[in-house]
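Only heavy atoms go into these numbers, but all of them, side chains included; no hydrogens, no water, no symmetry mates. Chain identifiers are assigned alphabetically (A, B, ...) following the order of the sequence lines, protein sequences preceding nucleic acid strands; residue numbering begins at 1 within each chain.
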There are 2 protein chains.
Amino acid sequence: MGGTVQAKTAKIQDVARIAGVSTATVSRALSNPDLVAESTRKAVMDAVEESGYRINHAARNLRRQRSGSILALVPNLANPFFSQILAGLSSVLSPAGYGLLIADTQTDNNPQERLRSYILNGLADGIVIFDGHLPEKQMLPPQHPPIVLACEWVDFDLPSVRVDNAKGAQIAIQHLYDNGHRRIGHITGPLGNVLADSRLNGMKNTLEQLGLAVRKEWIFNGDYSMDSGTFAAKQWLALDDRPTAVFCASDEMATGFMGALQHAGIDVPNDVSVVGFDNIEVVEHLTPALTTIRQPRRLIGQHAGQMVMNMIDDGVMSCASEIIPVELIERKSVVAPKT
Amino acid sequence: MGGTVQAKTAKIQDVARIAGVSTATVSRALSNPDLVAESTRKAVMDAVEESGYRINHAARNLRRQRSGSILALVPNLANPFFSQILAGLSSVLSPAGYGLLIADTQTDNNPQERLRSYILNGLADGIVIFDGHLPEKQMLPPQHPPIVLACEWVDFDLPSVRVDNAKGAQIAIQHLYDNGHRRIGHITGPLGNVLADSRLNGMKNTLEQLGLAVRKEWIFNGDYSMDSGTFAAKQWLALDDRPTAVFCASDEMATGFMGALQHAGIDVPNDVSVVGFDNIEVVEHLTPALTTIRQPRRLIGQHAGQMVMNMIDDGVMSCASEIIPVELIERKSVVAPKT
DNA sequence: AAAAAACTTGTAAACGATTACATTTGAATT
DNA sequence: AATTCAAATGTAATCGTTTACAAGTTTTTT
């Protein structure tokens, strides 16, 4: 509350002058209070108050050789699947003083190069990547900031935070089986995607263990989007011999699938049971409410953020991955098949 | 492609040495190519290539007194409503060389102070705010970076990019009227929210113009969330004298409303017609597909980004607001009322 | 052909912090 | 009392750019 209006923003020099100490002492009082005497600290704080001093991050970053922010590379920012994860990320980064920088890799024609440039530019102290296709081992410079994958993963030494996708698929299939289904189909994620593959494989393996056939015509290719669910519905409708249940690799596809089926006059779940994956918010409000595999998205974001900050603090470029458990959420989209 | 591995990252000095020019020339060749001779530029570019030089943003920002990023202040990052807008923002910011910094104002116990600190800290060259409650005139320092509101707005001189909410409400009500409805209810957004208020007022005015009663017990208070839609459904169910149609101030509430009604055995749209607001992706896949007012979210993000960049370039702190038109999307959730 | 204008380029001073190293002071140890 | 040690502070270099100013070339104008 101390008086004159600042023409220019105060700098550390001004604080030092007012407090009657050197700039070094001000800096220490601010970022390492234990190093200065109690009385000095007080004087500095008062001077800060009086001058309205605010640290200049660009200057600090330059000197400290850091950026103070973490970069999140999202394949498609418009996809609401990421919003919860980003919220989780933000919730741990923010209190720790990190900024959250977000980039959409999809809008880019050369995301690989973009990643490289982000790394090299030193724009971020750490990077969280949501797209397993993005980083390639040979693209990574020998020296790079900590990188962690979230949801997806890669086959070299970048750590990741993810759920046990195969397990999720297994739980889903088992649930369908327990409800009497023996004819089970699947809508996959995009081919080649690690997530899609492990859900597909988890499904196939479980089917085999249960002694059930894996029928090729019951596997519909999707890309996680609602529209691809709609497209799968068309294929399902065209089938002579239909599966009585379909496990979808994403809730979005399940939503599109159910919607298109219902619009075509099919009764879900009585004509076909559906299980999703992710437990996005909306599916509880669908009719029927969707039975799905919960993926704790907020938690994934939080852990990824924590992991990348730990790596920064420890100065390491790699660490152990983390697998977060999945869980079946039973709702109304699964019933016993008609006989 | 030029040979030795860099022990340390090259700096502008190194480039200058290799190219045989001064650092000033390198800087100019890079950021203002027109100022240097063709031949020199070439030499510099070659030297950049050879040394693997990357600009150090912290240094540049310090010197230029800018941050190179735009801050988006989102009330709740977990809300998928914002993802499209952020995607739009990102799509214009990124090509222009701006980073997109995102902060969730909800996780914060004192967002006002946080906003102030963001402004004062100079962490961003411009700010996009999605929460009309956030900025208060007296909180803004006399000198602040360009700020634009998106979706919401304030009653002082900050510009905004938004849709015509009252008009949207009017279109929705008129549509219901045209389909024969005379008993129309509403689920509001959170009280005091500018958006919620103008949609409510738009609705009331239209009702009056049409000579219809505004019945208090048919106005349900919500907060845009699906859960509040569910809650409104309970109230609707408890009514003796029910409206035959409900206009919801958000698609999320419409989704929760329809879902809860259907779970309770009510037939939508035959027992009650529903109109939403926003046209979020999922509503087209609901059963019945939701009739709604489209709010072009991606576009809003793009325009907000453009606006803030223009303000930065022009060095102004204010400019004219922009109203983006809304549009009725007719689907299946509105039919004539039962007689 | 001299003067003026237009290009190029270099020199060196910022930008605003942090921190290694040096110095001072006072307390603790021998 | 002399020595050692720790705590508190100051001095000044440094982080890597950009850019005002000056100076040296050409080119254009008169």
Side-chain angles (χ1 to χ4, degrees), chain A residues 6-45 47-48 51-69 97 99 117 120-123 125 145, chain B residues 6-45 47-48 51-69 97 99 117 120-123 125 145:
Chain A
Q6 279 72 42
K8 292 281 163 188
T9 71
K11 47 187 82 167
I12 209 168
Q13 285 265 17
D14 303 313
V15 178
R17 185 166 26 74
I18 296 174
V21 296
S22 72
T23 61
T25 300
V26 175
S27 175
R28 282 189 282 250
L30 260 27
S31 50
N32 229 332
D34 295 342
L35 290 181
V36 306
E38 169 69 26
S39 58
T40 313
R41 195 185 323 157
K42 173 100 172 46
V44 169
M45 291 315 181
V48 166
S51 60
Y53 170 77
R54 294 281 168 155
I55 196 168
N56 178 317
H57 282 83
R60 161 183 282 185
N61 291 340
L62 171 58
R63 176 60 221 230
R64 285 202 178 156
Q65 305 271 62
R66 319 179 336 146
S67 74
S69 38
S117 105
L120 262 19
N121 280 355
L123 274 175
D125 297 334
Chain B
Q6 279 72 40
K8 291 283 163 187
T9 70
K11 48 186 80 165
I12 210 170
Q13 284 266 16
D14 302 315
V15 178
R17 186 166 24 73
I18 297 174
V21 297
S22 74
T23 60
T25 300
V26 175
S27 176
R28 281 190 282 251
L30 260 28
S31 51
N32 227 336
D34 296 340
L35 291 181
V36 307
E38 169 69 27
S39 58
T40 314
R41 194 185 325 157
K42 172 100 171 53
V44 169
M45 292 314 182
V48 165
S51 61
Y53 169 78
R54 294 282 168 152
I55 197 169
N56 179 318
H57 282 84
R60 159 181 285 184
N61 291 341
L62 172 58
R63 175 60 221 229
R64 285 198 176 161
Q65 305 273 60
R66 319 181 335 146
S67 74
S69 36
S117 106
L120 263 19
N121 279 354
L123 275 174
D125 297 335

Between [N] and [X], is there an OP1 or OP2 to side-chain N/O distance shorter than 4.0 Å?
| X | N | answer |
| --- | --- | --- |
| A:Y53 | C:dG16 | no |
| A:Q65 | D:dT14 | no |
| A:R60 | C:dT18 | yes |

Shortest non-hydrogen separation from [X] to [Y] and the atoms involved:
| X | Y | result |
| --- | --- | --- |
| A:R41 | A:V36 | NH2-O, 3.6 Å |
| B:T9 | B:D14 | O-OD2, 4.4 Å |
| A:A10 | A:S51 | CB-O, 3.6 Å |
| A:R66 | A:N61 | O-CB, 2.9 Å |
| B:I12 | B:Y53 | N-CE1, 3.4 Å |

Original post:
How long is the span from the CZ atom in A:R60 to the CG atom in A:L62, to the nearest 0.5 Å?
Top reply: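 Between atom CZ of A:R60 and atom CG of A:L62 there are 12.5 Å.
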Original post:
Could you state the interatomic distance from CG (B:N56) to NZ (B:K11), rounded to the nearest 0.5 Å?
Top reply: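 The distance works out to 9.5 Å.
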Original post:
Looking at D:dT14, does its base get a donor-acceptor pair with the side chain of A:R63 below 3.5 Å?
Top reply: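 It does, because a donor-acceptor pair links the side chain of A:R63 to the base of D:dT14 below 3.5 Å.
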**OP:** Five pairs at each end of the helix from C:dA1-D:dT30 to C:dT30-D:dA1: take the axis at both ends and give me the angle between them to 10°.
**Re:**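 For the helix from C:dA1-D:dT30 to C:dT30-D:dA1, the axes at either end differ by 30°.
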In whole angstrom, give the distance that lies between atom [atom1] of [X] and atom [atom2] of [N].
| X | N | atom1 | atom2 | answer |
| --- | --- | --- | --- | --- |
| B:I12 | D:dT19 | CD1 | P | 11 Å |
| A:D14 | C:dC15 | CG | P | 11 Å |
| A:I55 | C:dT18 | CD1 | C1' | 9 Å |
| A:K11 | C:dA14 | NZ | P | 10 Å |
| A:N32 | D:dG10 | CG | P | 16 Å |
| B:N121 | C:dG16 | CG | P | 14 Å |
| A:Q13 | C:dC15 | CD | C1' | 12 Å |
| A:R54 | C:dA17 | CZ | P | 13 Å |

**OP:** Specify the residue among B:L62 and B:A24 whose closest nucleotide of DNA chain C lies further upstream toward the 5′ end.
**Re:**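 Taking each residue's closest nucleotide, the earlier one in sequence belongs to B:A24.
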Original post:
Just checking, any donor-acceptor pair under 3.5 angstrom between side chains of B:D125 and B:S67?
Top reply: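 Looking only at side-chain atoms, B:S67 and B:D125 do form a donor-acceptor pair, the distance falling under 3.5 Å.
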Please tabulate, one pair per line, each protein N/O and nucleotide N/O from nucleotides 7-9 of chain C that are separated by under 3.5 Å, including the distance.
from  : atom 1 : to    : atom 2 : distance (Å)
C:dT9 : OP1    : B:T40 : OG1    : 2.3
C:dT9 : OP2    : B:A37 : N      : 2.9
C:dT9 : OP2    : B:T40 : OG1    : 3.1

Would you tabulate the side-chain donor-acceptor contacts of residues 23-34 of chain B under 3.5 Å, counting partners in other chains and residues two or more places apart, or write 'none'?
from  : atom 1 : to    : atom 2 : distance (Å)
B:T25 : OG1    : B:S22 : OG     : 3.3
B:S31 : OG     : B:S27 : O      : 2.9

Original post:
Among the nucleotides C:dA17, D:dT18, C:dT18, which one has an atom lying closest to any side-chain atom of A:A59?
Top reply: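 So the nucleotide nearest the side chain must be C:dA17.
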